[in-house]
Amino acid sequence: MNQKIRIIASKNSWIEQDAIDQLEGISSLEGIVKVVGLPDLHPGKTPVGAAFISENIIYPHIIGNDIGCGMSLFMTDIKKHKVNISRWIKKLETFENMQEIDIEGFIKEDIPFLEKIGTIGGGNHFAEFQQIEKVFDEAIFETLGINKKNMMILVHSGSRGYGQEILDEVIKKYHAQKGLRVGSNDIDDYLKQHEKAVKWAENNRKWIAYRLLKALGSNTDVQRILDSTHNSITKKHLDEKVYYIHRKGAAPGDLGPVIIPGSRGSLSYIVMPKECEISAYSIAHGAGRKWKRGGCKEKLENKYTKKTIKQTKFGANVVCKNKNLLFEEAPEAYKNIERVIEDLLDANLITVVATLKPVVTYKG
DNA sequence: ATGTCC
């Protein structure tokens with residue numbers, strides 16, 4: 001493996017050779033100076049669970065269509081002991097479409113893909129009601145402003161069709177697979193669009209939480225506790241030079257606390273990253289897929305009934321109308337989040353602040 | 001990942 005590449009994972013973490021080959025491919029692109037595979041690394045169109053540092057050039061295709069995808073953790077004002085879970089599940093199951101939930105007082109001018117605002121999307125995107133399970137670092141936890149008695153909502157979503165449109169355009173216009181060079185109009189144009197998609201996605205995560213709460217007939221005032229983007233390109237100034245960090249399924253390691261979820265059958269971890277060069281200033285964004293989407297249903301359909309596939313560890317439930325997706329996103333299809341967290345701890349990249357357990361997972 | 005592809 002070439003000198004630019006570093007994979008942060010213990011021998012116990014199973015990493016597919018395909019993903020390593022993909023890292024090699026990207027390491028040979030012009031201007032790429034460092035490639036990091038995080039413990040949740042797995043193959044995709046481009047490798048997922050990875051960070052890439054470049055100089056004088058950026059590659060939009062590395063981060064792909066879902067520009068700005070990330071995680072937001074919100075605190076509701078709902079006390080967890082007051083929640084009637086089965087009533088919530090019924091309510092979430094009964095509306096046909098999230099979009100039938102109105103967004104009141106929403107300023108609708110000048111927003112691209114307005115019809116997609118407040119929608120989750122497919123794939124691994126979700127919104128999950130959670131509660132604090134355990135606090136490991138009281139001092140850092142204090143600074144987050146979380147009341148442990150309150151129900152939390154974790155939202156994982158991105159820029160929907162907007163990021164896709166931006167990627168399609170930049171590839172058509174500038175043949176962007178060859179990269180966009182610093183000093184050209186191309187790069188400025190793309191980064192401006194990219195920034196808008198990052199903001200759109202961040203904003204959208206709040207509207208998803210709003211819609212869910214409104215669907216449940218609860219107070220829609222939420223407090224954003226955490227937000228991190230795991231698909232983006234950001235400038236980094238180091239030694240008086242400008243570098244670009246491409247994160248594809250990698251959370252920032254230099255912007256404060258981050259939430260790392262596992263599958264719907266596992267805990268989520270609030271961690272405090274330690275800013276460091278060895279990981280390209282990045283940390284894992286989740287558990288990472290273990291199985292390809294195709295074949296999940298065949299592997300699991302004999303193990304579960306229509307009812308039990310929706311039940312998960314910790315007594316939680318998933319609400320998901322898409323049957324294939326229910327299997328594709330099953331806990332078995334994901335790597336072990338505890339292993340990922342262990343690997344980040346072993347590499348001295350994080351401090352664990354707290355864990356959250358799932359209560360209800362809602363899929364778009 | 002995508003009102004995607006089969």
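A quick note: this is a predicted structure, and the numbers were derived from the prediction, not measured. Below, read A as the first sequence line, B as the second, and so on, with proteins coming before strands; counting in each chain starts at 1.
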_Sugar-phosphate, base or nothing in reach of G122(A), heavy atoms under 4.0 Å_ = sugar-phosphate
*Rounding to a whole Å, what distance do you find between K45(A):NZ and dC5(B):C1'?*
11 Å
*Give one of base, sugar-phosphate or nothing for G121(A), where a contact means two heavy atoms less than 4.0 Å apart.*
sugar-phosphate
*Which whole-number value in Å describes the distance from I117(A) CD1 to dG3(B) C1'?*
16 Å
*Is the W200(A) to F113(A) ring centre distance short of 6.0 Å?*
no
*Could you check how far CD of Q99(A) sits from P of dG3(B), rounded to whole Å?*
10 Å
*Rounded to the nearest Å, what distance is computed from the CG atom of residue N322(A) to the P atom of nucleotide dT2(B)?*
12 Å
*Where does the angle between the aromatic ring planes of F129(A) and W88(A) fall among parallel (under 30°), tilted (30 to 60°) and perpendicular (over 60°)?*
tilted
*Between R160(A) (CZ) and dG3(B) (P), how many Å, whole number?*
5 Å
_Whole angstrom value for the distance that separates P of dT2(B) from CD of E328(A)_ = 12 Å
*Please indicate whether K321(A) has more than 12 foreign heavy atoms, meaning atoms of other residues, nucleotides or ligands, lying under 6.0 Å from its NZ.*
yes
*Aromatic rings F95(A) and Y362(A): how do their planes relate, parallel, tilted or perpendicular, breaks at 30° and 60°?*
tilted
*Indicate, with a heavy-atom threshold strictly under 4.0 Å, whether G158(A) touches base, sugar-phosphate, or nothing.*
nothing
*Quickly work out the E115(A) CD to dG3(B) P distance and round it to whole Å.*
9 Å
*asked:* Just the rounded figure in Å: distance from C1' of dC6(B) to CZ of R293(A).
replied: 16 Å
